[in-house]
> 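One structure, as C-alpha cells, below. Some questions next.
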Amino acid sequence: MTTAGVWDANQHGIDMKRKSSFSLLDHIKRPMDGADENPDQKEKMEKLWKLMDEYEPNDPESIQKSFARHLEYSLACTRFNFTMQDAYRAAGLVLRDRLLESLNDTNAYYRKMDVKRGYYLSAEYLIGRHMQNAIANLDLEQPFKEAFHALGMQLEDLFHEEVDPALGNGGLGRLAACFLDSMATLSLPCWGYGIRYSYGMFKQDIQNGRQVEMPDFWIGDGCPFEIPRPDITYPVRLYGEVQEGLNSKGEWCLNWVGGDIVQAMAYDNPIPGFDTYNTNNLRLWRACPSKEFDLDQYSAANFTDAVEARRKAEDLSAVLYPNDASYEGRELRLRQQYFFVSASLQDLLREFIKRPNYKWSELPEKVAVQMNDTHPTIAVAEFMRLLVDVMHVPWDEAWDLTTKCLNYTNHTVMPEALEKWPVEMMTRMLPRHVQIIGELNLRWINGLVAKYGDGPIIAALSIFEEGDVKKIRMGNLAIMGSNKVNGVAALHTEIIKKETFPDFYKYCCDTGVPDKIVNMTNGVTPRRWVHCANPALSAIFTKYLGSHEWLTDMTKLKGMLKFKEDPKLHSEWMEMKKTAKKKLAGFLKETLDLEIDQDALIDIQIKRIHEYKRQFMNCLYVIHRYQQLKKMSPSEREKVQKRVVLIGGKAASAYVNAKLIIKLINNVGKVINNDPDTGKLLKLAFVPNYRVSAAEVLIPASDISEHISTAGTEASGTSNMKFVMNGGLIVGTMDGANIEIREECGEDTMFIFGCLEHEVAGIAAKAKEGHYPIDSRLQAVFQAIRNGDFSKGEPEAHAEFCSLVDKLCNTHGAGTWDGDRYLVVHDFPSFVDAQAKVDATYADKAKWCKLSIQAASSMAKFSTDRTISEYADVIWGVKPAPRPMEMCEPVLASHMVKSQTSLWAQQAELPESDITEAADLQSRVEDTVHNLRDAMETRDLFEVAKGIDEMQAMEVEDDLLESSEAVLANLANRVDRAAAAKDLVDLEDALGAWFVRDTDAPDATGTAGSAHFQSILQAEKVRISLAKQVEEAEKRYKAQRWDALKSAMDRALNILNLHHSRPAYKELMGRGRAKWNNGWQQEQQGDWGWQSSSSARGYKGTGRRDYYPAQWREEADDGAYHFPSYEDVKPKNKTTTALREEDHMEVDAGAPMAGDYMKGIQRILNNYRKAEAKARKVESAKDDTDARWEAFRESLKESFMRERKRYHEKISKLKTDLEEHQQAKEEAIQELKTVLKKPSKLKKARADPGETDAMEDLAQLLASPAPKTGNIVDLLAEAIEAGEIAAADGRSKLLEVIETHRRKTAPTTPPRRARTYTETTPPSNKHLESGGGAPGGDEGDGREELHPESLSRDPYMQSPSSTGVRPSPTRGTSRPRLKSSRTPVKFQSRKPSQPTTTRACTRKLEEKRQAALLEEVQDSDEEDMIGHLNPGGMEVTETIVE
C-alpha cells in the first residue's frame, strides 16, 4: 500500500501537517458541519455506535465464525482449497480484530485522562513472532486452541507459519521489543517509533562453511497484524536550502525550502499487555514518494526515470542497516535516521497540540522521549527546528523544553563507537540542522569557557570534532540535549562516567547535577522468554506458586527456593529440560541434518559474531577438547561427559575476520562430527540464520551458555538473562550484566574465568615488554590449525586460518590491533579450567538441578517490568493509566475460574467436572448480581427488570433483589398516577433520571419485574406524547415572537436608509463583506493546519459554527448564512423619504427605539472609517518595504549569477588543462615502459634511414650537459642512451640513477615529520572511526575500533566518515613505496631547461617533458613512476610518512 502525495518542496509551512489535516482543506467546503445540523446523520451514527457497542465474543464458536469469514472474505479462499499459510493469515486477522478494539479504546482513554506519554525512538525492534505472544497476553490461549482443534488444526502449527519480522538484528532491537511488552503490561501510556523495513539486514545461509548473505524479504506474504494508516502521513524534507523571510507575525525567520520531500506513512502494530486491558502501539514509518509517477517521462519512453522518485524514496525504508562501507551507504544511514525521527517528532508534537488550550510550558509535563542509542540523536536538532521554525517558540524556551523532554540511552563502552557525521554531508542533507547545532555549540562553548577557561576540556565537550574531516559528534549532542543519560548495566554506567564521557560527568558534578547519568540495568520479558518459549517451565512455576502472578511480579519466584531440595520438583525440572532438548533435537535434524544425544550437556553461544564476543576462543577450546579425546583410550572416553556445542549468530557482511571465524567453526565441526572416535562424545555445529524463533528453541534446552566477552567490552547483554531464566547456568567473564546476575543468583551458579576490567591495561603493558606467555595446550591447538587439520584441503581457508592464529601469536602486540586485541591467549587457560569445573558439576545431577532452580528463581531483577518501572519513575515521570473495565469484571472472573479449575481439581483431588459445574453456577450468580447492580447505578429500567426476573428464577435471596424490587414498584405506582392525570411535570420528574428502553418487556412476563416495567413503559409513551404537544406550542410562540422582532428590525433599517445614500451605503457594505471574507474570518479561524481530519473541533476546541456570530448573519431561503447586503436593508417602499408616524406606532413596546440603533450603527461606521484609513497607511508602508526588499534580492541574485559563471568557466578551464597534462604524462610513462622492456625497438629506430635527422637531434640533446635541476627525465634519457637499461640488471641500475639524483637534489621545503604506526593503542580516526552506528548486537554495544588488517570493514563499528574518502598519497596508500633515507618533498613549479635545437624529435621529447613537469606533483612522483615500471618482480619496502 502507498499513498498519493500532496506536498510541494518549495513550501516551507508543511511540517507537522498530516495529509488529511484541516490545513489542507482551508478553501474546501466541508459536506457536513456537524451532527447537530444533520439530525438524520446523527441518527445513523447512533445506530453505528450501538452496533459497535460490544466487543467481539471470544468463545470458540465465535472465533471459528470469524476465522471462516476472514478466510473467504478477506483472503478470497474457498472452504475447499486453502493452505496452512492461508489459515495462519486468517487466524491473524481474527486476532487483529480484537487487538484493534483494545487499541482504539486504550488511545481514547489516554486522551480522555490527558496523561503524560512516553515515546521510545529506536532504529530497530526485533519483535519476533506476533501471534503466540499476543494470544498469551490477551489470555485467549484456551479458546483459540479449542476453536482450531475442532477445525482439525493445531494452534502450534499456525504459530510456525509466521515469518519472523526482520525489523531488528541483535540485542538492541530485542531489548526494545521487550520494553514495549512491559510498557503495555504496566499500563504505561507509551508508544514505540521506528522504521518499517521491507528487508531485514540479510538472511544468513551457509555454503561450503562460509556465510552467504541472502535477501530477507519478510513482508512478502504480508503481515496480518500491522494496520496501514495512509491517513497518517507526514512530509520529511531532505537537502534544499535555508532562506531568510518573515513569518505570519511579520518577524524575521529562517525557512528551509527546496530539496526533496519524502512521505512518511504510518503502519501501526498493536502491542497488548499481559493481565491488563491496555494495548499500546508500535508505529513504524514507511517511506513513500511525494510524486508517485512521472507520466511525462513514461510517455517519452524513459521508463526508469518515470519511477525514479519512488525508488529513491523507498530506499529509505528498504533495508535494515545498509552497508556503510561507502560514502553513499553512510549517507543512506543518516537519511534513514532523520526520516523516522522527523516523522515521529511531528506525530507526537501534533498529538500534544490537539489538546484544548495547550500551552508550550506544559510540554515536559505531557511528553517524554527516549532515544535508544545514537541512531535517533538527530532528534535534538529536529526538536529545536520544529519548535523554533514551525511553532515559532522563542529559542531559549525551545531549548529548555528540548532538554526537559529528551533522554538518551548509551549502549557502548568506547567513544570510538559513537556516531560521528561529516559536517559536509550534514550541511548538504540537513542545512538547517547544521545551523541549529552550530548555534547550540556556540552558546555551549561560551558557557564552558566562562567556567573553565580555554583548555582541553573545551575540545572534548564540543559537538564539533576538528580534524582532516570536520565531524559532528552525535553522542555529545545527545548528552547536551537530554534530561537524563543512562547506561544499561552497573559496570557499563561506571565506564560511561570514567572513560566514555568523563568530561561531561565532571561538568555535571561541577554544576550540581551528578544524577544526570544514571543506571538502568537491562532485562527481558518473562512472558515471551518463559511463558511462550518454555511452557513446561511456566506450568511448573504456576503449579508450585499457585497462580500466574509471577509473570507480572517476578519477585514471587523467590517462593520456588523453598522447593529447590524437593526430589519431586527435581524430577519435574529434569523432565522439563528433557522435553526442551527433544524439541531442539528435532530442530537440528530439520535444519542441519544433525543428530544429537539428548542426554548430552548442551553448550550454547548465540549472539552476533564479533571478535570481542570471542566465539573464536570457544572454537579453540572445542579443538582442545577434541585433541584430549583423541589421546584417550576407549575406556577413558567412556568416563567423559558428552557435550554438544552450538554456536550461532550473524557476521556483518563486510566484517572479514568474523566471517573467517564462521568458516573455521564449520570446518572444525565437520572434522569432529565425522570422527568415529569422538562423534558420540563431542559435536560442534553452527546454527544458521539466528533469529527470535530459533532462540525460543535453543534457549530452553541449554544446560550451559557462553558469555565470554573480554572484560570491559560488553555493555550489558540480554541473552545471558534469557538462558538463566530458563534454568541454564553460565560460563562467563566479569563483564556486562554477568556481574549483577552473579550477585543475584549466587556465585556457585556461574563459572567465572578471565581477567577483570581494571587488569586489561596492565596485561597489555606487560605484553609490550615481552611478558605474554602462550599456554602449551593452546600452542597445540595452533599447531593443529597450522598443520591443516581443519582446512579440509582448501588452500585459501588454510591461509585464512593461519592468519588468525599468527595474529594471536604476536605476543608483543597483545591488547592492540597488531596482536591479540581481546586477550584470547591470556584468558584461555582459565577458560579451560572453568569448562572442567562444568563437567565435574554436571556429573552430580542433583547438585546441578538445585543450582538450576536457584538461578531461575532469582532473576526478578532482570525482568523488563522492573527496568521500565525505573525508567518511568526516574527518567520519564510517566504514571500507569490502566483502562477501567468494570463491565468486563464478570467475564474476567469467569476466565479466572476456568483457569483455576484444573489447579483446584488437582489440589482437592475431586473430579474436574464437579468443580467446573460449581464454578459455572457461582459465575452465573455473580454475573447476575453484578449486572443488576450496574443497572441500578445506570438507571436502566429494562436491565433492572431483567435482573430481578433472573434472580427470582434462580431463587437467589439477596438484599439487592429486595431493594431493587421496592424501587421498581414505587416508580411504577408513581408514573401510573401521573400518566392517568396527564401530568407532564410529574412524569418528567419521575422518569427523567431513568433510562427507559423502547423495547418489549423481558420474556418472563409473569414476574414482578416484567409487570412493573410494562407499566413504566406505557407511562413513558404518555410522557413522549405530552412533550411533543408542549414542543409544538413553544414553536408557535417563538414564531410569533420572531415576527415581532423582525418588524422592529425593519423599522431600524428604514431609519438607517434616511441617513445614508444608496450608492455610498452599498459601497460601504460591499467593503464590509470583503473585509469579512478576507480579513476577520481568516483571523478568527486561525491556522487549521494542526487539526486532525477526524477531529470535530475547530480553533482552540470551539465548534466551527461559533465563527459566525448570530447578530451578523441572516438565514436565507436556502438556509445558508451570508453577510447582509444593501438589498437586504433597503426600505420596502422606495418612494418613501420620511418615516411615517404610524411606523413608530407599530413597533412592539419591548423592542429598542430607533434612535438607539442609529447611535450604535453610526459609532460602528465611524470606527470603521478610522481603521480603514490606518490600514491603508500600513499597507502602503508594507508595499514600499517589499519593493525595496525585492530590488535588493534581484541585485544580489544578479551578482551571484555573475560570480557563479566566472567560477564555472575557471573550473572548466582547469579541468581541461588537467586532462591534457594527465594524458601527456601517461603517454610518456607508456613510452618508457616500452623502451625498458624492449630496447631493441630503440636500436631499430636508429637504423631506420628515414629517421636519421631525428636521431641526430636526440644524440645532440643527450650530449648536452644535464640541466642544473638534475631533472629525472634527463637522467632517464642518459641511461637509455648508454644502453644500461637493456642489461639484465637494468631496473636496479635505474634505481641507482634515481637515488643519485635524490642525493644531489636539496629539498625545497622543510621536511615534515615521519610517522609510523607502531603504537599499541587503536589508530586514530584518520585511519578508522568506529562510530557509524552499531547495527544490532547486544544493545548495539561493542562498536569498538577495528584495525584495517584484521577486517575489511565492519558496518557495526564503522564511522560514517572513516571510509569512502580517498587517502592522500602519503597516508595508507596501497602501492609499494621506495625506501628512502630522506624525507620526500614537494616540487613546486620547477622549469625545465630549454632545448638547443628545434628539430622534430627534440621538440616532441621536450613537449612531453614539459607536460610531465608543469603538473604540480607530490613527493611520490618518483615512486609512482617506479610503481608503473615495476609489475611485481622487484621487492620494494615502504616507509609511511606524513
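These values consider heavy atoms only, across backbone and side chains, with no hydrogens, waters or symmetry-generated copies. Just so you know, residue 1 is the first one in the sequence shown, and it goes up from there. The structure presented is a predicted model; accordingly, all values stated were derived computationally and were not measured.
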> For the pair H610 and Y822, name the ring-plane relationship: parallel under 30°, tilted 30 to 60°, perpendicular over 60°.
perpendicular
> F801 and F790: aromatic ring centres closer than 6.0 Å?
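No - the distance between ring centres of F801 and F790 does not fall below the 6.0 Å cut-off.
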> Which pairs with one or both residues in residues 616-625 pass salt bridge (charged side-chain N to carboxylate O under 4.0 Å, His left out), sequence neighbours excluded?
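Qualifying pairs: R625-D839.
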> Among residues at least two apart in sequence or on other chains, which ones pass side chain to side chain contact (heavy atoms under 4.5 Å, CB included) with D789?
A784, N787
> Could you tell me the separation between the CZ atom of F828 and the CG atom of L823, rounded to the nearest 0.5 Å?
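CG of L823 is found 14.5 Å from CZ of F828.
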> Has the side chain of N810 got a donor or acceptor atom that lies under 3.5 Å from a matching backbone atom of D818?
yes
> As an exercise, state the distance from CG of D324 to CD of E419, rounded to the nearest 0.5 Å.
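Taking CG in D324 and CD in E419, the distance rounds to 9.0 Å.
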> Which class fits the ring pair H826 and Y772: parallel under 30°, tilted 30 to 60°, perpendicular over 60°?
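Correct class here is parallel.
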> Counting only N and O atoms by type, is there a donor-acceptor contact under 3.5 Å from the side chain of H492 to the main-chain atoms of G736?
no
> Run T412 and N410 through side chain to side chain donor-acceptor pair (under 3.5 Å) and show every step you take.
CA-CA 6 Å; T412 184; N410 175 270; 5.7 Å; no
> For the pair N476 (side chain) and A460 (backbone), establish whether a donor and an acceptor sit closer than 3.5 Å, ignoring hydrogens and angles.
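Checking the backbone N and O of A460 against the side chain of N476, a donor-acceptor pair under 3.5 Å is found.
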> Of R614, E714, K607, K613, which is the lone residue that meets side chain to side chain donor-acceptor pair (under 3.5 Å) with H707?
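Testing each of R614, E714, K607, K613 against H707, the sole residue satisfying side chain to side chain donor-acceptor pair (under 3.5 Å) is K607.
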> Would you say the side-chain atoms of S830 pair up with the backbone N or O of G754, donor to acceptor, closer than 3.5 Å?
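Flag set: sc S830 to bb G754 pair under 3.5 Å.
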> Any side-chain to backbone donor/acceptor pair from E465 onto P422? Under 3.5 Å, distance only.
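Here the side-chain-to-backbone pair does not exist.
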> Using atom types as modelled and distance alone, determine if a side-chain donor or acceptor of N666 lies under 3.5 Å from a backbone N or O of N208.
no
> Between D775 and V825, is there a donor-acceptor pair closer than 3.5 Å when you use the side chain of the first and the backbone of the second?
no
> When you measure from the side chain of Q779 to the backbone N and O of I774, does any donor-acceptor pair fall under 3.5 Å?
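Indeed, once roles are kept as given, a pair shorter than 3.5 Å links the two residues.
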